[in-house]
Protein chains: 2
Amino acid sequence: MSEKLSASLEDYLEAIASIAGSSGETHAADIADSLGVSRPSVTVALRALASRGMINYRPYSTVSLTEDGRIRAASVLRKHRIVSRFFSEILGADEELADSAACRVEHAIGEEITDRLVEFLAFIDNCPMAARGGFQYESENRKEFREKAADYGKK
Amino acid sequence: MSEKLSASLEDYLEAIASIAGSSGETHAADIADSLGVSRPSVTVALRALASRGMINYRPYSTVSLTEDGRIRAASVLRKHRIVSRFFSEILGADEELADSAACRVEHAIGEEITDRLVEFLAFIDNCPMAARGGFQYESENRKEFREKAADYGKK
DNA sequence: GACAAAAGTTAGAGAGGGCTAATATTACAG
DNA sequence: CTGTAATATTAGCCCTCTCTAACTTTTGTC
């Protein structure tokens with residue numbers, strides 16, 4: 001269905017979408033800065049993305065997403081947001097940790113798992129016991145659950 | 001703290017641990033079969049794992065995990081189990097899908113996220129509304145949550 | 001104990017992703 | 001309208017991971 005893209009290329013696509021924002025145009029240098037990568041690496045990635053129909057690209061020119069590129073970037077960004085949110089809001093992880101883990105997990109899960117996670121997040125917001133404060137903040141509970149957790153084979 | 005291993009090398013370690021089981025010894029051919037990879041690829045990987053102190057390895061001989069290797073393999077296997085379980089039991093994904101996604105996610109999350117997920121799983125087992133049947137099977141609820149889910153920006 | 005079959009390794013190549021240094025292009029200031 | 005600074009690309013190298021084909025070592029059977 002949708003083109004196969006490596007995690008690396010998805011990261012580039014994601015960066016392009018984030019930078020482009022409303023203007024729609026991106027400079028290679030911004031992509032390099034945003035990803036902490038050298039400019040030559042960006043050039044190579046742009047060629048790869050262009051060959052897969054994800055971006056409009058011509059040498060020495062600005063970059064913009066194609067319709068396919070927009071769709072794919074939106075998919076990756078959505079996965080990122082959902083997963084990061086799950087890690088921080090539900091599991092109670094530090095935002096920075098949640099975000100960095102989401103950066104990797106976003107390439108590892110498909111649409112179905114993401115859809116289900118979205119539904120679960122909506123559900124949990126309505127679950128009086130499980131919502132924030134339920135799991136995260138009631139230390140009495142947490143101690144109890146930490147004991148139960150042994151079943152799952154900690155380290 | 002623990003050696004940096006690529007996702008690929010973690011997969012090899014995981015396979016070795018799974019195959020070795022109690023006997024502790026593994027043959028390269030079994031690793032190749034288990035991972036669906038060629039034998040030469042296994043040789044290369046074994047050298048890399050040996051150089052990182054994860055396995056005991058000498059050419060033309062069987063392979064076993066070192067203490068470090070056992071620890072690391074257990075960590076990866078634990079992440080796999082937890083994540084797969086979350087995907088299938090909580091999110092309600094098909095076991096096969098859950099497992100294949102877990103194969104990738106296991107390399108993308110650290111110990112802290114995993115610990116928190118373990119606790120959450122234990123917690124959810126005790127949450128009358130959220131436990132199985134709560135989220136997965138009550139279609140009335142699901143419809144409602146699916147509507148709420150729009151907030152999270154579906155596709 | 002020799003000799004095939006099985007198991008493992010080496011050799012060589014290619015894809016993918018990254019880097020620095022050098023080169024080319026574009027853009028803007030004078 | 002020309003030249004320099006900023007930007008982008010090419011060239012060449014490295015590393016990881018994979019493969020097939022060819023070679024070596026081990027194993028086990030007669």
Side-chain angles (χ1 to χ4, degrees), chain A residues 2-16 19-20 23-65 69 72-73 76 100 103-104 106-108, chain B residues 2-16 19-20 23-65 69 72-73 76 100 103-104 106-108:
Chain A
S2 70
E3 279 275 359
K4 280 177 209 78
L5 293 183
S6 64
S8 168
L9 289 184
E10 281 193 344
D11 281 335
Y12 280 100
L13 214 50
E14 200 181 2
I16 293 167
I19 297 162
S23 82
E25 302 250 300
T26 326
H27 291 274
D30 298 331
I31 302 171
D33 291 349
S34 162
L35 291 174
V37 119
S38 74
R39 268 161 248 212
S41 299
V42 174
T43 301
V44 172
L46 293 182
R47 260 203 302 264
L49 287 172
S51 81
R52 286 166 178 77
M54 293 289 150
I55 60 172
N56 303 116
Y57 168 69
R58 284 182 333 154
Y60 297 103
S61 175
T62 55
V63 177
S64 63
L65 295 171
R72 185 60 174 266
V76 178
S100 72
C103 275
R104 295 183 299 272
E106 69 193 4
H107 309 296
Chain B
S2 71
E3 280 275 358
K4 281 177 206 77
L5 293 183
S6 65
S8 168
L9 289 184
E10 281 193 343
D11 281 335
Y12 281 100
L13 215 49
E14 201 181 0
I16 292 166
I19 297 163
S23 82
E25 302 251 300
T26 326
H27 289 274
D30 297 331
I31 302 171
D33 290 349
S34 162
L35 291 174
V37 117
S38 74
R39 268 163 246 210
S41 299
V42 174
T43 300
V44 171
L46 293 182
R47 261 203 300 266
L49 286 172
S51 81
R52 287 167 177 77
M54 293 289 149
I55 59 173
N56 303 116
Y57 168 68
R58 283 183 333 155
Y60 296 105
S61 174
T62 56
V63 177
S64 63
L65 295 171
R72 184 60 173 265
V76 178
S100 74
C103 275
R104 295 184 301 273
E106 69 193 4
H107 309 295

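A, B, ... follow the sequence lines: proteins, then strands. Residue 1 opens every chain. The basis for the numbers below is simple: all heavy atoms, side chains too, and nothing from hydrogens, waters or symmetry mates.
Toward the 5′ end of DNA chain C lies the nearest nucleotide of B:Thr62, the other residue of the pair B:Thr62 and A:Ala7 mapping further downstream.
Annotation: side chain to side chain donor-acceptor pair (under 3.5 Å) contacts of B:Glu106 (sequence neighbours excluded): B:His80. Residues that satisfy the side chain to side chain donor-acceptor pair (under 3.5 Å) test with A:Ser38, not counting sequence neighbours, are A:Ser41. A search for side chain to side chain donor-acceptor pair (under 3.5 Å) contacts involving A:Asp30 returns nothing, not counting sequence neighbours.
For the helix from C:dG1-D:dC30 to C:dG30-D:dC1, the end axes, each set by the C1' atoms of five terminal pairs, are bent relative to each other by 10° (nearest 10°).
B:Ser61 comes within contact range of no nucleotide atom at all, as no heavy-atom separation falls under 4.0 Å. Contacts of A:Thr43 with the nucleic acid, taken as non-hydrogen atoms under 4.0 Å apart, include base atoms.
Nearest heavy-atom pair across B:Ser34 and B:Ile19 is CB-CD1, 3.8 Å. Residues A:Asp11 and A:Cys103 come closest through the heavy atom pair OD1-O, 4.4 Å. Nearest heavy-atom pair across B:Ala29 and B:Arg39 is CB-NH1, 4.2 Å. The nearest pair of heavy atoms linking B:Thr26 to B:Ala20 is OG1-CB, 3.6 Å. A:Leu35 and A:Tyr12 get closest at one heavy-atom pair: CD1-CD2, 3.4 Å.
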Intermediate values then yes/no, side chain to side chain contact (heavy atoms under 4.5 Å, CB included), A:Ile31 and A:Val37: CA-CA 8 Å; A:Ile31 302 171; A:Val37 119; over 6 Å; no
Stepwise side chain to side chain contact (heavy atoms under 4.5 Å, CB included) test for A:Thr62 and A:His27: CA-CA 5 Å; A:Thr62 55; A:His27 291 274; 3.5 Å; yes
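The distance from the CG atom of A:Leu9 to the NE2 atom of A:His107 is 10.0 Å, given to the nearest 0.5 Å. The distance from the CD1 atom of B:Ile16 to the CG atom of B:Leu65 is 6.0 Å, given to the nearest 0.5 Å.
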Tell me which donor-acceptor pairs under 3.5 Å the side chains of residues 47-60 of chain B have, and how far apart each pair is, sequence neighbours excluded?
residue, atom, partner, partner atom, Å
B:Ser51, OG, B:Ala48, O, 2.9
B:Arg52, NH1, B:Ala48, O, 3.1
B:Asn56, OD1, B:Ser64, OG, 3.2

Annotated protein contacts, base or backbone, on nucleotides 19-24 of chain D with a non-hydrogen cut-off under 4.0 Å, one of B, S, - each: BBB--B
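Note that the first and last nucleotides of DNA chain C, 5' to 3', having any atom under 4.0 angstrom from a heavy atom of chain A are C:dG17 to C:dT26.
Contacts with DNA chain D (heavy atom under 4.0 Å) in residues 46-56 of chain B: none are found.
Between the CZ atom of B:Arg58 and the P atom of D:dT26 there is a distance of 9 Å, given to the nearest Å.
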